[in-house]
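Notes follow once the structure below has been shown.
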2 protein chains.
Amino acid sequence: MVNDNKVIKGSLTTIILKLLEDNGRMYGYEMTKAVKERTNDSINITEAALYPALHKLVEEGLLTTETEIVNGRLRKYYSLTKEGKKETKAKVDALTSALESIQFILNPKLSNG
Amino acid sequence: MVNDNKVIKGSLTTIILKLLEDNGRMYGYEMTKAVKERTNDSINITEAALYPALHKLVEEGLLTTETEIVNGRLRKYYSLTKEGKKETKAKVDALTSALESIQFILNPKLSNG
DNA sequence: CTTATATACATAATAAAATTAGGTATAAAA
DNA sequence: TTTTATACCTAATTTTATTATGTATATAAG
């Protein structure tokens, strides 16, 4: 996942959860486009990383799916379960503070930590 | 590496390079303590992740080592090579912008991207 | 009408990176 | 004398992402 330059691994799951928290319901392909757009092309989630991650989240009970056919093509919508919503908050908080810590190491002057 | 909660992978190499850029010369154990201190215990680099990463950076020609005996114990100091200094700038920039992109997804209101 | 692009899902093999779980050894403090 | 801190290290496993494919429909371009 993430970035043409191959930085930042391990945050894909949290990003997925956050997208679903913000948008209620999304399908995989839509997520890749949303992240690309939101980050001005700097983060590019590959489908090969995304789909297995989504399947794992379903397995873990954090997401549920509904499949629909739209314009003759299949779409698999994902939403957060109750447990998924709780986990989202926890993971977003953890990732946010971890990012701040790393930024503090990289740029102590610009950081607020 | 990094954080008791297992977030943020893939940034260890950049963190090492940045520490050496700031401090000129450090040994492995010192790096783990420095990061722990700088981040108020939130980032905990494990030695099992650190040492292989250091060895790889030496292999790649980005670091050199000098071994000394201090207080009867071995210390292996690492410093940046010329190429290492160049790479540090590139990697710090790349990681910084990647962190910002992710933060923008997690907290659009607080971000400046 | 046919080819290319966009949409939309997916997996298999491999590689990269970190975790878990050890191991060695000296110095200093309890 | 046992524990804690210092200081290095690796092997096996797991996790996560990459590379490389594969299927299939809709739409736009030539």
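Lettering follows sequence order; numbering is per chain, from 1. Please read all numbers here as calculations on a predicted model, not as lab measurements. All values below were derived from every heavy atom in this structure, side-chain atoms included, with hydrogens, water molecules and symmetry-related copies excluded.
Looking only at side-chain heavy atoms (C-beta outward), A:Met26 and A:Tyr77 stay at 4.5 Å or farther from each other. Side-chain atoms of B:Thr88 and B:Leu80, non-hydrogen and from C-beta on, do get closer than 4.5 Å to each other.
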Checklist entry - Do A:Arg25 and A:Glu68 pass the salt bridge (Lys or Arg N to Asp or Glu O under 4.0 Å) test, and can you show the C-alpha distance, the side-chain angles, and the key distance before you say yes or no? => result CA-CA 12 Å; A:Arg25 201 174 83 133; A:Glu68 289 178 23; 3.1 Å; yes
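Salt bridge present: B:Glu21 and B:Lys89 bring a charged side-chain N and a carboxylate O closer than 4.0 Å. With salt bridges taken as basic N to acidic carboxylate O contacts below 4.0 Å, none links A:Arg75 and A:Glu30.
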Would you mind writing out the side-chain donor-acceptor pairs for residues 47-56 of chain B within the sub-3.5 Å range, not counting sequence neighbours?
{"residue": "B:His55", "atom": "ND1", "partner": "B:Tyr51", "partner atom": "O", "Å": "3.3"}

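In this structure, B:Glu37 atom CD and D:dT6 atom C1' are separated by 15 Å, rounded to whole Å. Across the protein-nucleic acid pair, B:Ile15 atom CD1 and C:dA17 atom P stand 14 Å apart, rounded to whole Å. Atom NZ in A:Lys76 sits roughly 17 Å away from atom P in D:dA24 (whole-Å rounding). Rounded to an integer number of Å, the gap from B:Leu12 CG to D:dT16 C1' is 16 Å. Straight-line distance from the CG atom of B:Leu50 to the C1' atom of D:dC8: 11 Å, rounded to whole Å. The interatomic distance linking B:Arg73 (CZ) with C:dT24 (P) rounds to 18 Å, in whole Å. C:dA27 atom P lies 12 Å from atom CG of B:Leu74, rounded to whole Å.
Listed in residue order, the members of residues 64-72 of chain B having a heavy atom less than 4.0 Å from DNA chain C are B:Asn71, B:Gly72. Sorted by residue number, the members of residues 18-36 of chain B with any non-hydrogen atom under 4.0 Å from DNA chain D read B:Tyr27, B:Gly28, B:Tyr29, B:Lys33.
Taking side-chain N and O atoms only, B:Tyr51 has no distance below 4.0 Å to OP1 or OP2 of D:dC9. Within the structure, every side-chain polar atom (N or O) of B:Lys56 is placed at least 4.0 Å from both OP1 and OP2 of C:dA16. One finds no side-chain N or O of B:His55 lying less than 4.0 angstrom from the OP1 or OP2 phosphate oxygen of D:dC8.
Set against D:dA7, C:dA10, D:dC8, the side chain of B:Arg75 has D:dA7 as its closest nucleotide. Minimum atom distance to the side chain of A:Ala48 is reached by D:dA20, of the listed C:dT20, C:dT7, D:dA20.
With sequence neighbours left out, the side chain to side chain contact (heavy atoms under 4.5 Å, CB included) criterion links A:Thr13 to A:Leu17, A:Leu57, A:Lys91. B:Arg73 pairs by the salt bridge (Lys or Arg N to Asp or Glu O under 4.0 Å) definition with nothing, not counting sequence neighbours. Evaluation of the ring-ring contact (aromatic ring centres under 6.0 Å, His included) rule for A:Tyr29 yields no partner, not counting sequence neighbours.
Looking at B:Glu47, its side chain has no donor and acceptor atom pair within 3.5 Å of the base of D:dC9.
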